[in-house]
Amino acid sequence: MQSIATTDVALLADVSPSTVSLYLRRPEAVSSAASRAIAHAIDKLSYVPNFMAGGLAAASSKAVSIIVPSVRNAFFCRNRFCHAICAAQGAATSYPWPYGI
C-alpha cells in the first residue's frame, strides 16, 4: 500500500504543502476555504499524519520511552511495572501531542 504524503493532500486541495502542514499544526491559522479543501482532501485520501516523521524534521518527537533491563525480571513483570506504564500514559495524555504506549 502506497503511503499518502502531505504533498498528495496539497495537490488535491490545490494548496501548498506548507499550508497543509500549517493546517495540521494550527488549523485556526489557515483560511476557512483552505481548511475545507484540506479537510476534504484528507478525508478523500484517508490521510493519517505521521507525527514521528514530523518529529524527525523538527528534531523533537515529543515521544517518551520507558526502558527496562528485562521484561523477564520479576520486578518488572509484576504490578509495579504495570503501574509505571499506566502512570506514564496518564502523564502523556495531559499534554497536547499524539502519543502511543
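Separating the OG1 atom in T6 from the CG atom in L11 is a distance of 11.5 Å, to the nearest 0.5 Å. Put simply, OH on Y47 and CD1 on I4 are 9.5 Å apart, with the number rounded to the nearest 0.5 Å.
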I would like to know whether L24 and I42 meet side-chain contact (heavy atoms from CB on, under 4.5 Å); could you show each step before the answer?
CA-CA 10 Å; L24 293 171; I42 286 172; 4.1 Å; yes
Tell me, with the steps shown, if R25 and L22 meet side-chain contact (heavy atoms from CB on, under 4.5 Å).
CA-CA 5 Å; R25 288 180 288 113; L22 181 61; 4.1 Å; yes
Review item, side-chain donor-acceptor pairs of residues 26-34, under 3.5 Å, at least two apart:
| from | atom 1 | to | atom 2 | distance (Å) |
| --- | --- | --- | --- | --- |
| S31 | OG | A34 | N | 3.2 |

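Remark: A13 engages V15, A37, I38, A41 in a side-chain contact (heavy atoms from CB on, under 4.5 Å) (not counting sequence neighbours).
The side chain to side chain donor-acceptor pair (under 3.5 Å) pairs that include a residue from residues 7-20 are S16-S18, S16-T19, where partners are two or more places apart or lie in different chains.
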